[in-house]
Amino acid sequence: MRPIIAVYHHVRRAYHPLAQQGRWMPAEDNALRKAFAEHGAQWEKISNVVGRASGDCRDRYRNHIEHRDQRQNGAWTKEEEEELTKIVLEMTIEQGKDIDNDVFWGIVSQRMGNRRGRQQVRIKWTDSLSNQFKNRGQKPRWSQMDSYLLVHKVASLNVRDDSEVDWKQLPDENWNVWSAHQLQRRWKTLKDSIKDSKHMTHTEIMEILKNKKAQSPPPPTKKKGKAATSAEVIDDSDDEGGAPVAGSSSGPGTVAAIVHA
């Protein structure tokens, strides 16, 4: 009932004897640093030395150990945001590539002088700057229409479980403000809004969400004095645990429109 590769990765994640060992301790970081100096990027060998899964060792080293002395933390400056945007656009748009999915974040980090790690630059871009670039400098906010589109796009895939969803394939030319990472997180929020969803099948969850989002919401109305990309506050409590959300990503939303604007 499942693709063999999906079974393989699930078992590796769920039942690996070295998986999910909690927070890394300083002694483990030191062991990881020494093991990398001896073995290089041979993560299986490093795993045997450190006592953590090879993938955990790889991610810990790349995201937290490597270039730690050069790394900055805290709020990003405007200059850093502009530098990151320039680098990503040079690596993608200017070469005809996708600005969310065709980026090598380790290279981006290097080009920023390793002042920000690969995880930092990836999250900053996909969760913030990418949206603003696609929306002509305006910061978009998740709307009821976005929830409607997400539910019906996932439903159209006819998958047996959301682990089979390729989130990169959901956006289209008219709805591409949100990154794959953001869509996956929003989907989890929608699922979590359903009581006992953890004990339901994907089909059962899908039916409930389709019923809740059976009708597309009316188009947002404009307020005087506000930009056309803004919208009235919409009570989307079914999606966000009772918190109203605002805005619309149904404005410009396409890279082509921005590049040729």
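Hydrogens, waters and symmetry mates play no part in the numbers below; they use all other heavy atoms, side chains included. Fair warning: this is a prediction, and the values are worked out from it, not measured in the lab.
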Query raised in the report: So K168 and D98, salt bridge (Lys or Arg N to Asp or Glu O under 4.0 Å) or not? Walk me through it.
Result: CA-CA 10 Å; K168 297 178 182 178; D98 187 277; over 6 Å; no

Query raised in the report: What's the verdict on side chain to side chain contact (heavy atoms under 4.5 Å, CB included) for H202 and V154, showing C-alpha distance, side-chain angles and the deciding distance?
Result: CA-CA 11 Å; H202 176 71; V154 173; 4.2 Å; yes

Report task. Assess whether side chain to side chain contact (heavy atoms under 4.5 Å, CB included) is satisfied between N30 and R33, documenting all intermediate values. Result -> CA-CA 5 Å; N30 290 333; R33 190 180 295 106; 2.8 Å; yes

Requested in this report: Take K86 and E82 through the salt bridge (Lys or Arg N to Asp or Glu O under 4.0 Å) test and state the conclusion after the steps.
Outcome: CA-CA 6 Å; K86 180 176 182 293; E82 291 174 349; over 6 Å; no

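Taking NZ of K78 as the reference point, atom CD of E83 lies at 13.5 Å (rounded to 0.5 Å). Note that the NE2 atom of H10 and the OG atom of S163 stand 9.0 Å from one another [nearest 0.5 Å]. Rounding to the nearest 0.5 Å gives a distance of 3.5 Å between CG of D172 and NZ of K153. With rounding to the nearest 0.5 Å, the separation of CD in E80 from CZ in R115 is 6.0 Å.
Looking only at distances, a side-chain donor or acceptor of Q42 sits under 3.5 Å from a matching main-chain atom of H39. Side chain of T85 to backbone of E81: a donor-acceptor contact under 3.5 angstrom is found. Proximity of a side-chain donor or acceptor of K213 to a complementary backbone N or O of V151 within less than 3.5 Å is not detected. Listed for the D161 side chain is no donor-acceptor partner under 3.5 Å among the backbone atoms of E164. Although no hydrogens or angles enter the test, the distance criterion places a donor-acceptor pair under 3.5 Å between the side chain of W125 and the main chain of I99. Judged by distance alone, with hydrogens and angles left aside, the side-chain atoms of H67 form no donor-acceptor pair with the main-chain N or O of Q110 at under 3.5 Å.
Hydrophobic clustering, with ILVMFWY side chains joined whenever heavy atoms are under 4.5 angstrom apart, groups L89 together with F104. Taken together through direct or relayed side-chain contacts under 4.5 Å among Ile, Leu, Val, Met, Phe, Trp and Tyr, L32 and M25 form parts of separate hydrophobic clusters. Note on W105 and I65: separate hydrophobic clusters, where clusters join Ile, Leu, Val, Met, Phe, Trp and Tyr whose side-chain heavy atoms are under 4.5 Å apart, directly or indirectly. There is no path of hydrophobic side-chain contacts, each under 4.5 Å, that joins I123 to V121. Hydrophobic clustering (side-chain heavy atoms under 4.5 Å, transitive across Ile, Leu, Val, Met, Phe, Trp, Tyr) groups L157 together with M200.
Contact annotation: the side chain of T126 never approaches that of Q182 to less than 4.5 Å [non-hydrogen atoms, C-beta and beyond]. Using a 4.5 Å heavy-atom cutoff, the side chains of P171 and W178 are not in contact. K212 is listed as a side-chain neighbour of S193, based on a closest heavy-atom distance under 4.5 Å. Here the side chains of V108 and R118 are not in contact, with every heavy-atom distance at 4.5 Å or above. Put simply, the side chain of K188 does not reach to within 4.5 Å of the side chain of R185, judged on heavy atoms. Using a 4.5 Å heavy-atom cutoff, the side chains of N48 and E44 are not in contact. L209 places a side-chain heavy atom less than 4.5 Å from the side chain of W187. By the 4.5 Å heavy-atom criterion applied to side chains, V50 and W24 are counted as neighbours.
Closest heavy-atom contact between Q72 and Q120: O-NE2, 3.0 Å. Of all heavy-atom pairs spanning G74 and R116, the tightest one is O-NH1, 3.2 Å. Closest non-hydrogen pair, G40 versus I46, comes out as O-CD1, 3.1 Å. The two atoms that bring W43 and S54 nearest to each other are O-CB, 3.5 Å, heavy atoms only. The two residues L150 and L183 have their closest heavy-atom pair at CD2-O, 3.9 Å. In terms of heavy atoms, R141 sits closest to D146 at O-OD2, 4.0 Å.
Checked options R58, R60, E28; the residue passing with R52 is E28 (criterion: side-chain contact (heavy atoms from CB on, under 4.5 Å)).
One finds a salt bridge joining R111 and E90 here, because a Lys/Arg side-chain nitrogen approaches an Asp/Glu carboxylate oxygen to under 4.0 Å.
Classification of the Y61-F36 ring pair by plane angle, with boundaries at 30° and 60°, yields parallel.
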